[in-house]
Amino acid sequence: MEEFFQQLTNGLAVGSIYALIALGYTMVYGVLKLINFAHGDLFTIGAYLGMTLLASFALHETIGPFLGLVVLALMVMGLVAVLGAIVERTAYRPLRESPRLSAVVSALGASIFLQNAVMLIYGARFQVYPEGLVPETSVDLFGLYVPVVRILVLFVSLALMAGLYAFIQKTRIGTAIRAAAIDQDAARLMGIDVNRVILLVFLIGPALGGAAGLLVGMQYGQINFTMGWTYGMKAFTAAILGGIGNIPGAMLGGILLGVIEALGSAYISIAWKDAIAFFVLILILIVRPTGLLGERVADKI
Amino acid sequence: MTLLCLTGLTKSFGGLMAVNEVSFDVPEGAVVGLIGPNGAGKTTVFNLITGNHRADRGTVLFEGTDITRWRTHRIVKLGIARTFQTIRLFQNLSVLENVLAGCHCRMRSGPAAAMLRTPGARREEKAALERALAELAFVGLAGQEMQLAKNLSYGSQRLLEIARALATEPKLVILDEPAGGMNEQETAALIGTIGRIRQRGITTLLIEHDMALVMKACERIVVLEYGSRIAEGTPEAVQGDPRVIEAYLGTED
Amino acid sequence: MRNKSLYIYGVIFAALAVAPLFLNPYWVDVLNNVGLYAILGLSLNLIVGHAGLFNLGHAAFFAVGAYTAAILNTQFAIPVLWLLPVCALAAGLFAAVIARPIIHLRGDYLCIVTIGVGEILRIALTNDIFGVTGGPNGIFGISRPTVFGYVIRRPHEFYYLIGAFLMITIFLFHRLENSRFGRAVNYLREDETAAEGSGIDTSHYKLAVFVLGAAWAGMAGDIFAAKMTIIAPESFSFWESVVMFAIVILGGSGSIPGVLLGAVLFVGLPEAFRDFADARMLIFGAAMVVMMIVRTEGILPQRPRLYPLPGPGGAGGKP
């Protein structure tokens, strides 16, 4: 039972990271109907930027661990967001009126470019995160010893998701994003600046992805330039699982996937860990072709 | 003789009752009009007949065969072809190939025959080409075969849809607002075309807002309002029906 | 117009026919890889280019063919070229089984599922599924193909084998494109509802084109296994699927010359930039973006089919 709950909390932490990344996929898909394959690599860049900033400024030592991490996270998110917007400008905007598969190839190209840029800058080997960022102790939760970093990851991800959800549901800009996702032309007719919405989505998504990269670096201590592919695919799977374009769906899909994967690799087979997510996806899509929370888009005839 | 027989057709979307217990017959060889105010459920009735939507209740009989749950392509092969209210052509393909799509269901050769280019496949291909050209000439689009469908005028696109439907060698064609977007001359020509379709022995069921066209072309009219049939009869009878005048003609002068 | 391009193709063909005489084995091998990817690209072109189905897991079918050949050849000593139809069948069957429940999915859902199938298969191969795939090391000792008792061993011998297979593929696929089948899958791509409404069994054609493309990739897998004599899961990664996909889209969806050119650019050209070593992939990624922006429809897009039309100067011509 102990083992089960350990895996469960682990799954929740990993799942919340998937969910954070999945939000970027799902928001971009919502407004552009484009799979932003470069998103996974923006996540990687978030992890590397976090490492570099930690090493060069050591903020957690100068202004205290808590404030240091907050400032660090904001810096990483801001930088990755800017990068996301640059990717949109250069690789996607020129292809907005093009056949959709052309945009997909451009996205794949952007992904290859970013991944190799990281490799050229930091090298192909695993990089290690500075130690001692978060106390390496466990907290007693009703008799269950959970590492502090796991709780931190879960807490930060959930807070970011709650923030995003409130922003999307309660603010005017959030409403504009939702409207553009439903019908871009109608939104434009209602006076919504769709270009600004797209830009915004390409700022928010990568910012969350960058934060996820930082969290992964802190939780596992080591990072690699190809990690964006694995995490990206899982997160994209999560977005589809929840029903792509649907923001609560991405959150649900991510957390669900993390938990299933953690339990599956513990109780079924660790060798098949990376296949579990896809098995789950295929099974769910056979039963619910639009994902868990996705709505059926009726073809207007 | 009755070609198409609808009984108690019902369809709702979410809570909205789009079609409610609609029943009517289409006699063989006739031109029947389906009219009614916007949102009366006319196109939904068409979609139920052609298998684009699944009926909640009720049956569609075609020549005595129950086709209610059939998939669209089987219904087409059985002999019902349609056009779409929102023009649905293969925009990036040539006019000719749009019509050849209709010929498809009367052909048989598969990928192996195509790769080997068997005599049978070649003969079939030649026959389909002739048929497609004939249908294009029939609707008046001869000479525009190699144009891309998207480059045709609105009215010509509607004619192309009719040609594609006719190429399936149907017994019944269903035209959804065939005159939509057409100018007066085009509409007049369309009335002629509908007459010539009838001369070929093909039955027609159509939705149209242009009342002049409906009154001229149709010998029977079915009137829908809020998903229910409120009247049926000859153009004269329907025009004189107080319920129709109140529900439909009354609101549109 | 038509004659001029025929002339160009003739010159290219003649140049390629004698090319091995002037190239060292390394470059002949590069051309062999171009040829294999051209075959794979053409098979994927049926699915992605012609039918518009979003398949980013084509390497899976390539893998099924390669492993079928490797297992049957090493276990039962069946000559690899005899296994061509078996590999086609195996890959086709595999495609049919996985495609049946998922083929109706919306475009992007199909995309992730095909990626997933590719990954599941790769992981299954790595985990030595059924104890026959040799795990991460793969299978070695696959025998060389023989044609009429002549063993094909050196790159320039493979060159003509792959070349012949490619020629046959081009010939058959060209005919397929200009047929009822070819049109049907194009209708599907353009507008599924209209295709169904015109009497085309859209689910049947989706499945058929998927299976046909997969079967062809399976045969390419057979040739690949014979050429390498050793195969391992890493040869069938997501990256391979991306390359095949990019060859089709960048070369020109639905266009045979486009796909051929795509294969040259994607497989052949990077070899010319080997000196850049590390930065090669960076340039490659950037080039994909730039090329797509410059030539949105691909370098050589699909051209309209021609039909023998009657009348003065008929707009068509023989297909």
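Scope of the values below: all heavy atoms of this structure, side chains included, with no hydrogens, waters or symmetry mates. Within every chain, numbering begins at 1; the chains are lettered A, B, ... in the order of the sequence lines, protein sequences first and strands thereafter.
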Fill in: Lys/Arg N to Asp/Glu carboxylate O, A/Arg100 vs C/Asp108, below 4.0 Å
yes
Fill in: Exercise: identify the closest heavy-atom pair between C/Val289 and A/Gly109
CG2-C, 3.8 Å
Worksheet, complete the sentence: Rounding to 0.5 Å, atoms CE (C/Met288) and CD1 (A/Ile112) come to a distance of 4.0 Å
Discussion item. Just verifying a value: how many Å separate C/Ile115 CD1 and A/Phe236 CZ, rounded to the nearest 0.5 Å?
Written reply: 6.5 Å
Practice prompt. Indicate yes or no for a side-chain donor-acceptor contact from C/Tyr109 to the backbone of A/Pro289 under 3.5 Å, with no hydrogens or angles considered.
Written response: no
Worksheet item: Among residues 46-56 of chain C, which residues come closer than 4.5 Å to chain A, judged by heavy atom distances?
Response: C/Val48, C/Phe54, C/Leu56
Practice prompt. Using non-hydrogen atoms and a 4.5 Å limit, figure out which bit of A/Leu95 sits close to chain C: side chain, backbone, both or neither.
Written response: side chain
Item to complete: Return each pair, listed once, that meets side chain to side chain donor-acceptor pair (under 3.5 Å) where at least one residue sits in residues 262-286 of chain A; pairs must be two or more places apart or across chains.
Response: A/Lys234-A/Asp274
Worksheet item: For chain C, which of A/Pro99, A/Gly291, A/Ser111, A/Ala124 has the most heavy-atom pairs under 4.5 Å?
Response: A/Pro99
Item to complete: With chain A as the partner chain, list the residues of residues 291-298 of chain C whose heavy atoms fall under 4.5 Å from it, by residue number, and write 'none' if nothing qualifies.
Response: C/Met292, C/Ile293, C/Thr296, C/Glu297
Fill in: Contact leader toward chain A among C/Ala124, C/Ala246, C/Gly107, where contacts are heavy-atom pairs under 4.5 Å
C/Ala124
Item to complete: Count the heavy-atom pairs under 4.5 Å between each of A/Leu101, A/Ile282, A/Thr237, A/Leu281 and chain C, then report the option with the highest count.
Response: A/Leu101
Worksheet item: Do C/Phe245 and A/Leu108 have side chains that get closer than 4.5 Å, going by heavy atoms?
Response: yes
Worksheet item: Under a 4.5 Å cut-off applied to non-hydrogen side-chain atoms, are A/Phe37 and C/Val242 in contact?
Response: no
Worksheet item: For the candidates C/Ile98, C/Val248, C/Leu250, C/Leu105, which exhibits the highest count of non-hydrogen atom pairs separated by less than 4.5 Å from chain A?
Response: C/Leu105
Item to complete: Pull out the residues in residues 126-137 of chain C that come under 4.5 Å of chain A, heavy atom to heavy atom, sorted by number.
Response: C/Asn127, C/Ile129
Worksheet item: Checking A/Ile240 against chain C: side chain, backbone, both or neither under 4.5 Å from a heavy atom?
Response: both
Discussion item. Could you measure the distance from the CZ atom of A/Phe113 to the CG atom of C/Leu282? Nearest 0.5 Å is fine.
Written reply: 4.5 Å
Worksheet item: Measuring heavy-atom distances to chain C, does A/Tyr29 have an atom under 4.5 Å in its side chain, in its backbone, in both, or in neither?
Response: side chain
Worksheet item: Above 12 or not: heavy atoms from other molecules or residues under 6.0 Å from CZ of A/Arg288?
Response: yes
Practice prompt. Heavy-atom pairs under 4.5 Å with chain C are the metric here; pick the option from A/Ile244, A/Ile286, A/Ile276 that has the most.
Written response: A/Ile244
Discussion item. So for atom CZ, which belongs to A/Arg89, do other residues, nucleotides or ligands contribute more than 12 heavy atoms lying within a distance under 6.0 Å?
Written reply: no
